[in-house]
Every structure is written in structure tokens, then in C-alpha cells.
Asks: 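The structure is given below, and queries will be raised subsequently.
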Protein chains: 2
Amino acid sequence: MKDVAVAAGVAQSTVSRALNGVPVTEATRRRVRTIAEELGYQPHPGARALRGAPTMLLGAVVRDIADPFFAGALRALSIEANKRGYSVVLGHARAARDEAVSLTAALKARHCDAMVLLGDLGVDPRLLDELRKVHVRVVALWHGGTPQAAGFPSVGVDNRVGVRAAVAHLAALGHRRIAFVGPGAHGDIRERQAAYENYLSGVGIATPAGYVCHVANSIAGAKQAFAALRALGEPPSAIVAATDLLALGLIHAANEGSVAVPSELSIVGFDDIPLAAAAMPGLTTVRMPVQKIVAAGVALAIGDRAQSNDGPLLDPPHLIFKPRLIVRGSTSRCLDSI
Amino acid sequence: MKDVAVAAGVAQSTVSRALNGVPVTEATRRRVRTIAEELGYQPHPGARALRGAPTMLLGAVVRDIADPFFAGALRALSIEANKRGYSVVLGHARAARDEAVSLTAALKARHCDAMVLLGDLGVDPRLLDELRKVHVRVVALWHGGTPQAAGFPSVGVDNRVGVRAAVAHLAALGHRRIAFVGPGAHGDIRERQAAYENYLSGVGIATPAGYVCHVANSIAGAKQAFAALRALGEPPSAIVAATDLLALGLIHAANEGSVAVPSELSIVGFDDIPLAAAAMPGLTTVRMPVQKIVAAGVALAIGDRAQSNDGPLLDPPHLIFKPRLIVRGSTSRCLDSI
DNA sequence: TTGTAGGCGTTATCAG
DNA sequence: CTGATAACGCCTACAA
């Protein structure tokens, strides 16, 4: 910038003004702009940050980027952030439980204007504590109302409504032996499981031992679950999977085991990832309003700082969006009930 | 830091030294460290950047994060970068062709110590030019030797070896009607197609009109391709898909169309994404050495700066790793050849 | 409208 | 071994 000033024969401050839209003579502005262009001048973000300017960096912490659902969420996040001129910095909670986590988080926190937590990271409270101390806005997405996240604003989905729609759909098709498969550990999933149990007991349908199956959120996990459920004395005629990844794995496992979907076994997923529509048969699932949730999260994280004169908000907002059941081919009338 | 200095009763410079491992009295070091801890002191990265310190940020530009293959690559990249203390900044080439692209790239370039381009971004040369001007290291991964990327160091896979292994495998199974499906536009894919054509003509197997099918790299694209190939007078008995996503789509389409895989139609993919092993049947595919490629790319981007006294290298390295054919259930002996 | 000067938080240099 | 001081690049009062 000094070089530009010299080349243009003006003071540095004038260059700064010309480049930042502060009133300057039109001639000066043009000259400065031209010269800056020629010299390939690039403002130094560090120097700006030093002056208190935002870094325009948004931290995103996600357990596993390769999970199709979170990959989609991350894409939405990136797009939404870019709209507002922000870039996304990736954080891994993968190696969690190590001190590496807090280190990573702290490191990023310094760079970032705000942070978005995607999914229940199953993270130890220390990380949250550190995050609270650092003076950046933290928003939790899909945290499933775990008490850990209580201090942060959050945006999520109405798991209860989603699961009720799924189970009610199965019940309406005549199913009475309905199992649940999900990764056991995370907040959102626990909500889904609770909703499943709550609804069934509400309408007087039993859930025998073994009908709730906790496995890893992966194809392999789904195969385990399938095997376990088929080994039961009275195998289910329908399964509610807590995620589409599990649902797709269950369909595969069923194909492998020569169990016809949906005629012998109905399967409902949750998320509506792109692959869900392409499965054979198409997966009946609960569509997550990813776009809306992410947009709301970003708005909370970096939107109108005007209304929030910083400091931790005493009553952080908790937004809940409603999902919608998408009926495809993986569910059909229960044979027993004909 | 000023506060820490005051609280510890020493000069700022001493605090800096104590915290950075510069020789200080052991007593002083401990005292300063303790107080810094108590006060929750966090070094200001902007100020450090101003002094010429690296930002420890690595830019990653990818066309679509939600593409399973690149999601995996991105995960590997993030892990590799974290190992070296770097964080990854996400870039989108999604809205490409706009000036937004160059803007984004420039923006990030200022923050980042280096940039990694994942896949042939089909990007207009202006972006590359800008990237060249900015004084950051840029490494191209999976760029497929497109001339555009010539000026940058690159790391990729030996597409020729991979495709030859795939096609040779099919030929050995007796297949003579072998089609190719791929997104037409990108460098790596073009290499794969060329290798396909080259190999087949080398062994005297014909590739009738219509046997090369260009579609979008998606499940939907695969379904189009499948339909087009089946509509041919003499449909292929085997298909080489340029990506696993397409291969999986083809399997789905075949299932839907009641074409048995592999007995009526053999399918080979490329990448070996996690879902490939879980498909029904398991996908025979060419395994991409993602880990190695990413590690090499990161090393090139932010590794030993020692040996490179900056300035654009006149002879940038181009690393090529060899893929390996993984045979699963989606390929079998051609019926015609029995 | 433009120039001058000061300071943001760090680290490096130079004295002590 | 430690303290004072300058400098990094940018922005912004304040003065001209």
C-alpha cells in the first residue's frame, strides 16, 4: 500500500480512503485504483484483523465430513456463508476426546468470527467450556437439545414430529412389529428413539426386547443391526432407521439376505440424502430441511450483529424446523394384516 | 499480552519470549505461563501474520463437497493438514464461471499459506492466472494433466494403468462389447476415456458408436446412460464407469430395469468409495490411493519450505500414484463367450 | 479533500 | 537475561 501511495504520489491514508469508498476526488480515486490494480495490491487481512475488522471466517466443526448427510449440510453451509462473504474453516472432532480437540477449537476460534457445530459431537464438556470462554459466537446445529449445548443458540429439526410421521405411516400400513435402529450416542438420535418409544406406547403397540438396536452409523452397522433383528424370535415387519445411511444399509442387507423390500420388510429412513431417492427401492424417509436449518444457523452465527451487543445472550434462541415425510417405495402394507 | 506483562511485573517482550521458548529464567517462564493461563491469554493471529508468521490455513477448492469421492478426499486432506497444525478453508468452485470465483479465490489466497485444488475444476483460466499471481503455493490434485494446470505442482493417479486393469479384467472375462460412461468435461476423466479407447483398439476390440456415453456425474446421469446404452442395437455386456458414483447408479438402473448384475451386465467403477463395497453386488472398481495422493499434495503445499526458496518453481513436480483393481461381485464371465 | 500521526498485538533488535 | 523500542500494514482521528 505504501508502494501504491508512492506511485500515485499521495499519502497512504488517501490510498486507504480511495480503496474503501471514503469520499475522495474522483480523479484521485481512479488513479489510485488503477495503480493498485497494476501493482497487484492485495490488502493484508492480518493487518485488518489487528484493527478489529472481522476475519470473515466461519468455523465448522463436524464429526465426519464423509457422512453423506453432513457432507450435504457442509455444502449448504459453505454456500450460505459465501453469500455473506464468509469462508468456512473445517474442524475435525474426529480424534475427539484428545486434548487435540480443545487445541483445534481454540486455534480456530481465534481465526474465526463465529463457529458452527454440526451434529452432536459427543464431545467432552471441556471443549464446550473453552468455546464459551472464547469470545466468538457459537451456534449448535442438529445438537438434539442435549444439555451440553444449552448455553449456545441452536437450530435443529423437530425429531418428534418426524419420527411420529414415520411410525404413524407404518402403523397405518398395518405394521405392528416395528423396530428402531440408530447410533445410540447422539442427542438428535436419542430424541428420535424417544419419540419412537413414546408414540408406540401411546397407541398401544409393544416394543419387545431387541427391537431397539444401537449400531454404528454406517453400512456395516446397518448389516449388524439387520442380522440381529432377523435373529429375533419374532422379527419386525418394519424398521425405522434413525438415519438414511442406516436405512440404505438395511436395504442392502435385506437384498443380500433375500428379504424383499418392501413386501417382506418395510424401511423408513431419516434425512433424505440424495442417495435415498436413488436406492432400490426408493427410500421412504423424513426429509430434513437442511437448507433452512443451515441458513438459520448462519444467520444466528454471523447475521445482524446489530441486535446483539455481544456478551453471552442470557436466553439463546433455539430454533426448530419441521421435517416432512417423503413416501417412496421402501414401505408397503404389512402382509400379516391383510 | 500487555495485561500479562503488567500482572507478572515484566516487560511485554519478556512475556513474548517466555511464551515462545526463547531462553528466559525458569522462574520467570513459569510465572508468566501461569498468569497467561489465568488471564486466558490468546495470541492474536492477525498480529502474528502482520509480523510475517504463517496463518496455518490451507485453502481447499473443490467442485462439490457432497460428491462422495471428494468428501473422502477432503476428509483425508483435513486430517493430513491437522497433523501439520494447519486448518482447512473451504472453497467452492460451484458457482464457477462467475467473477465470484476469482474473488473467492483471491480472498482466500490472502488468508491461506497455500491452496490445494481438488479435481479438475473446469475452471476458466482467469482463476488460474490469478492464483499464479498471488504469492501462495498452489497444488493441483486429480487434475488429470490438463494443460491449464501445467504451471502448478500436481499429484494424481495413473488413469491409464487403472483403466487398462479394468478393461483387461473385463476382456479376460470374455467381454467384447465394453462401453464407457463418464462425465465428459474433466481432465482425469478424459484420460480415463482415452485409456479405454486406446486399450481396446490396441487389442482389436471395436467400440461402436454410442459406446462412449457422456453424462453428469450423478445417479441421475447414470440412469440416462443406462437407458441410452440399452437402447443401442447391440447393448454392451460390460460397462466401465469413470467414477464409482456412476457405477453405483448403473447398478441401480440395471436393478430397476431387471437386468441382472453381473450375469447379464458386468460393471466396473473407479475410485473405490466406501459405498462401493456395500453395493449389491459389491462393486468391482479401481481403488484410488486417496491417502497417499493427499499426503503428497499437502507435503508439496506446505511441507519443507526449506528446499524451495519460494518463487515459482520452473519445473514443478508432477507426482503420479498407481491405483489397484479391486475385484468384487459386479463383474463376471460374459455369457456370450461360454 | 488531503496529509500526518498514532495505535492495534507481536516479535526482533539493540541496549543495558 | 531482561527492558525499551521499532516495525509489520492498515485505518482513522485530527490538523492543515
Side-chain angles (χ1 to χ4, degrees), chain A residues 1-57 85 106-113 134-136 310, chain B residues 1-57 85 106-113 134-136 310:
Chain A
M1 176 151 142
K2 187 156 51 180
D3 303 339
V4 178
V6 173
V10 296
Q12 290 187 30
S13 49
T14 305
V15 177
S16 172
R17 284 190 273 254
L19 262 31
N20 292 345
V22 178
V24 201
T25 312
E26 187 49 34
T28 313
R29 145 166 290 114
R30 259 207 306 277
R31 190 151 44 88
V32 170
R33 288 238 155 115
T34 312
I35 295 186
E37 187 89 8
E38 283 172 5
L39 266 49
Y41 164 77
Q42 296 285 99
H44 188 306
R48 286 190 159 163
L50 198 53
R51 298 278 311 167
T55 59
M56 306 306 276
L57 252 30
L107 188 73
K108 261 182 293 299
R110 289 178 293 128
H111 276 294
C112 297
D113 293 338
V134 185
H135 197 62
V136 299
D310 65 89
Chain B
M1 174 150 138
K2 188 157 50 181
D3 303 338
V4 178
V6 173
V10 295
Q12 285 190 30
S13 46
T14 304
V15 176
S16 172
R17 282 189 276 255
L19 263 29
N20 292 342
V22 180
V24 201
T25 312
E26 188 49 34
T28 312
R29 143 163 294 115
R30 261 204 305 277
R31 191 154 41 89
V32 170
R33 288 238 155 113
T34 312
I35 296 186
E37 188 88 8
E38 283 171 5
L39 266 49
Y41 163 75
Q42 295 286 97
H44 189 305
R48 286 189 159 164
L50 197 53
R51 301 279 312 173
T55 59
M56 304 306 276
L57 253 30
L107 188 72
K108 260 182 295 298
R110 289 178 295 126
H111 275 295
C112 297
D113 293 337
V134 185
H135 198 62
V136 298
D310 66 270

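Since we're looking at a predicted model, the values are computed, not measured.
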Asks: Search all heavy atoms of A/Val32 against all heavy atoms of A/Ala8 and return the closest pair with its distance.
Replies: CG2-CB, 4.3 Å

Asks: Only counting residues at least two apart or in another chain, list the ones meeting salt bridge (charged side-chain N to carboxylate O under 4.0 Å, His left out) with B/Glu26.
Replies: B/Arg30

Asks: For the helix from C/dT1-D/dA16 to C/dG16-D/dC1, what angle separates the axis at the start from the axis at the finish, each from five pairs, in steps of 10°?
Replies: 50°

Asks: Test side-chain contact (heavy atoms from CB on, under 4.5 Å) on A/Arg31 and A/Val10; report intermediate values, then the result.
Replies: CA-CA 10 Å; A/Arg31 190 151 44 88; A/Val10 296; 4.3 Å; yes

Asks: Considering only residues two or more places apart or on different chains, which pairs with a residue in residues 43-55 of chain B satisfy side chain to side chain donor-acceptor pair (under 3.5 Å)?
Replies: B/Thr55-B/Asp113

Asks: Taking only residues two or more places apart in sequence, or in another chain, which ones meet A/Thr25 in a side-chain contact (heavy atoms from CB on, under 4.5 Å)?
Replies: A/Ala27, A/Thr28

Asks: Which heavy-atom pair separates B/Leu39 from B/Ala7 by the least distance, and what is that distance?
Replies: CD2-CB, 4.5 Å

Asks: Between residues 16-25 of chain B and DNA chain D, which residues have a heavy-atom gap below 4.0 Å?
Replies: B/Arg17, B/Pro23, B/Val24, B/Thr25

Asks: For B/Ala5 versus B/Ala11, what's the shortest heavy-atom pair and its separation?
Replies: CB-C, 3.9 Å

Asks: At a heavy-atom distance below 4.0 Å, what parts of residues 29-41 of chain B sit against DNA chain C?
Replies: B/Tyr41

Asks: Which sits closer to the 5' end of DNA chain D, B/Ala47 or A/Thr14, going by the nucleotide each is nearest to?
Replies: B/Ala47

Asks: Distance under 4.0 Å to a non-hydrogen atom of chain B counts as contact; along DNA chain C, which nucleotides mark the start and end?
Replies: C/dG9 to C/dT13

Asks: For a 4.0 angstrom threshold against heavy atoms of chain A, report the outermost contacting nucleotides of DNA chain D in 5' to 3' order.
Replies: D/dG9 to D/dA13

Asks: Taking side chain to side chain donor-acceptor pair (under 3.5 Å) as the cut-off, I'd like each qualifying pair that reaches into residues 5-18 of chain A, sequence neighbours left out, listed once.
Replies: A/Ser13-A/Arg17

Asks: I need the minimum non-hydrogen distance between A/Pro43 and A/Pro45, along with the two atoms involved.
Replies: O-CD, 3.3 Å

Asks: What heavy-atom pair brings A/Gly46 and B/Ala49 nearest, and what distance separates the two atoms?
Replies: CA-CB, 4.2 Å

Asks: Quick one: on DNA chain D, does A/Arg48 or A/Lys2 contact a more 5' nucleotide (nearest heavy atom)?
Replies: A/Lys2

Asks: Taking the side chain as everything from C-beta on, heavy atoms only, tell me whether B/Val15 gets closer than 4.5 Å to B/Tyr41.
Replies: no

Asks: Take A/Leu57 and B/Leu57 through the test side-chain contact (heavy atoms from CB on, under 4.5 Å) and record every step on the way to the result.
Replies: CA-CA 11 Å; A/Leu57 252 30; B/Leu57 253 30; 3.9 Å; yes

